[in-house]
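The chains referred to below are lettered A, B, ... by the order of the sequence lines, with proteins before strands, and numbering in each begins at 1.
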Amino acid sequence: MTHTAHTSLPHPEEAKYVPPCTLVPASHYTVAELTEAYNQTRVDYIVPMPMNVARLQAYIDHYDVDLTRSVVALDGEQMLGLAMLGVRPGRTWITRLGVLPNRRGRGTGEAMMRYLLQQSRDLGAHHVILEVIKNNVPAHRLFRKLGFHETRELLILRRPPGMPQGEVPPYEALHQDEEASLALLRQRRSVPSWLDDYPSLRNAGGLACIQVELQDGGRGWLVYQVTVFQLARLVLQTERGDATQVTRALLHALHTRYPALDTKTENLPADDPHLQGMLDMGYVEVFRRIEMHLSLCP
Amino acid sequence: MATILIFEDDPHQSRLMRRLLEHSGHQVTVAHNGEDGLRMAMASVPDVILLDMGLPDMDGQTIAGLIKGSSLLGHIPLIAVTAWPEDFAGQMAQAYGCDGYLSKPISARTFATQIEAFLEASPPDDPSTRRAEGTDRP
């Protein structure tokens with residue numbers, strides 16, 4: 001039995017659907033309770049990504065997750081699962097969907113998905129986006145059942161600390177601050193995922209940027225986030241010249257400046273022209289996600 | 001007898017590891033998150049560090065990079081403990097300078113033996129002998 005009051009007429013399919021569990025807004029719980037539930041639903045994942053309360057709160061803040069529109073599934077008082085909804089003008093993003101390992105296969109995931117799709121319609125969203133870890137077959141199957149289609153593969157890359165190795169074309173670099181970084185991001189041509197879209201990067205903060213000019217005329221820029229322990233959230237753009245050479249120069253400048261920091265970057269499209277340069281400079285693919293879209297337009 | 005620091009947020013796992021290693025005569029301390037573990041490592045400089053790669057506050061890879069990049073801690077044998085698939089675990093462990101890795105779930109029967117074999121192959125204060133016997137090598 002759902003507890004939400006619909007502000008729009010439910011989709012005809014939703015009107016016939018009866019969820020197998022109770023669904024309540026995630027805002028009924030503290031972030032600490034949601035963190036505990038989230039970690040329990042992921043305990044057997046191939047790539048476990050546990051969170052503490054601070055990390056989940058940061059996730060909610062950075063990615064515009066609306067807990068009043070997100071959902072927790074219950075059996076009595078026991079949490080069975082949760083799913084979150086990011087909300088931005090005209091679109092929503094389903095994330096952190098998880099069900100307790102011993103309660104799967106009973107329609108809880110589908111119930112939460114249908115709830116979030118109705119929330120998205122209520123908000124007037126034109127489309128809904130999500131990412132699924134590649135080879136998570138049950139989740140992928142569920143999303144296709146609900147009408148989502150694949151758009152692209154997204155890579156999660158890491159680079160251990162260390163001075164950059166390998167050949168790099170001669171270049172000059174300009175290092176700048178967050179204000180300059182945001183200005184560059186507004187000129188971005190590549191299609192971002194939710195995680196590395198402008199609002200996410202602006203919300204996350206800690207941004208800096210590098211612009212390089214190569215001797216052969218190649219030119220490009222890199223925006224990144226720097227924290228005490230890590231470099232993250234890399235966005236690269238080649239303005240002129242060979243993308244691989246520009247990437248090598250940009251990353252040489254970055255890792256020469258921060259040789260002691262580990263680097264992690266998420267959701268680089270598998271066909272991104274900068275990928276080869278990143279691999280050349282010591283980046284390693286950790287896993288892949290498949291981005292999926294559902295249009296809510298009639 | 002060796003001093004062993006374990007980074008592990010799961011209380012059941014950490015209790016099991018501690019019990020198995022203390023039963024074999026080792027001195028064990030446990031950190032339940034990355035920040036605490038790094039502080040404890042800097043304070044105690046243990047003989048070996050076991051690092052759960054899925055901690056809730058910091059990525060295991062980041063912690064491994066910090067340990068191996070530290071002039072104080074870099075020489076300490078570091079064993080990644082992870083539920084990652086075998087080939088991926090080896091690749092990540094090697095990339096981040098780990099000296100070996102163990103797959104979860106650990107075996108109560110062999111865990112202490114595996115750690116001791118590693119300690120024998122890499123005695124304390126001997127950075128030249130960095131071989132991981134008894135654990136899976138990256």
Side-chain angles (χ1 to χ4, degrees), chain A residues 31-32 34-59 101 133-136 156-163 165 225-233 255 258-266 279 281-288, chain B residues 7-14 31-39 41-42 51-74 78 80-99 101-105 138:
Chain A
V31 176
L34 295 174
T35 303
E36 173 66 25
Y38 167 78
N39 287 335
Q40 288 300 313
T41 66
R42 299 284 178 119
V43 70
D44 62 336
Y45 269 42
I46 293 170
V47 186
M49 293 182 288
M51 287 190 171
N52 61 7
V53 176
R55 261 184 157 181
L56 185 60
Q57 184 64 64
Y59 190 93
I133 293 176
K134 192 172 181 180
N135 298 325
N136 184 345
I156 287 70
L157 301 168
R158 295 200 77 123
R159 180 188 177 278
M163 286 296 288
Q165 308 285 327
Q225 182 193 45
V226 54
T227 64
V228 174
F229 298 126
Q230 197 177 66
L231 299 169
R233 306 180 190 274
H255 296 301
Y258 302 104
L261 293 185
D262 171 43
T263 309
K264 175 182 177 181
T265 195
E266 297 188 68
L279 298 175
M281 296 302 283
Y283 283 73
V284 176
E285 179 182 331
V286 180
F287 64 95
R288 293 190 176 207
Chain B
F7 286 67
E8 175 58 66
D9 64 312
D10 184 317
H12 302 294
Q13 282 289 304
S14 63
H32 296 293
N33 60 68
E35 265 197 60
D36 287 348
L38 288 168
R39 263 197 293 273
M42 299 289 279
L51 173 61
D52 173 18
M53 297 301 273
L55 291 173
D57 64 330
M58 295 172 71
D59 294 342
Q61 292 98 322
T62 301
I63 299 169
L66 289 168
I67 290 172
K68 283 302 176 182
S70 160
S71 56
L72 182 64
L73 305 176
L78 176 63
V81 184
T82 173
W84 292 337
E86 189 82 13
D87 53 350
F88 179 73
Q91 183 191 24
M92 275 295 118
Q94 182 172 38
Y96 280 82
C98 296
D99 301 278
Y101 69 93
L102 277 176
S103 296
K104 283 184 174 181

Is the shortest side-chain heavy-atom distance between I63(B) and F229(A) below 4.5 Å?
no

Please state whether the side chain, the backbone, both or neither of M53(B) comes within less than 4.5 Å of a heavy atom of chain A.
neither

Region of T35(A) in contact with chain B, defined by heavy-atom distances below 4.5 Å
neither

Do K264(A) and T62(B) have side-chain heavy atoms sitting under 4.5 Å apart?
no

Output the distance between atom CG (D9(B)) and atom CG (N39(A)), rounded to the nearest 0.5 Å.
7.5 Å

If the threshold is 4.0 Å, N to carboxylate O, is there a salt bridge linking R55(A) and D59(B)?
yes

Nearest heavy-atom pair of A95(B) and P160(A): which atoms, and what distance?
O-CG, 3.0 Å

Could you tell me which non-hydrogen atom of P161(A) sits nearest to which non-hydrogen atom of Y96(B), and how far apart they are?
CD-CE2, 4.1 Å

Report which part of D262(A) has an atom under 4.5 Å of a heavy atom belonging to chain B: side chain, backbone, both, or neither.
side chain

Taking every non-hydrogen atom, the tightest pair across P50(A) and G54(B)
CG-O, 2.8 Å

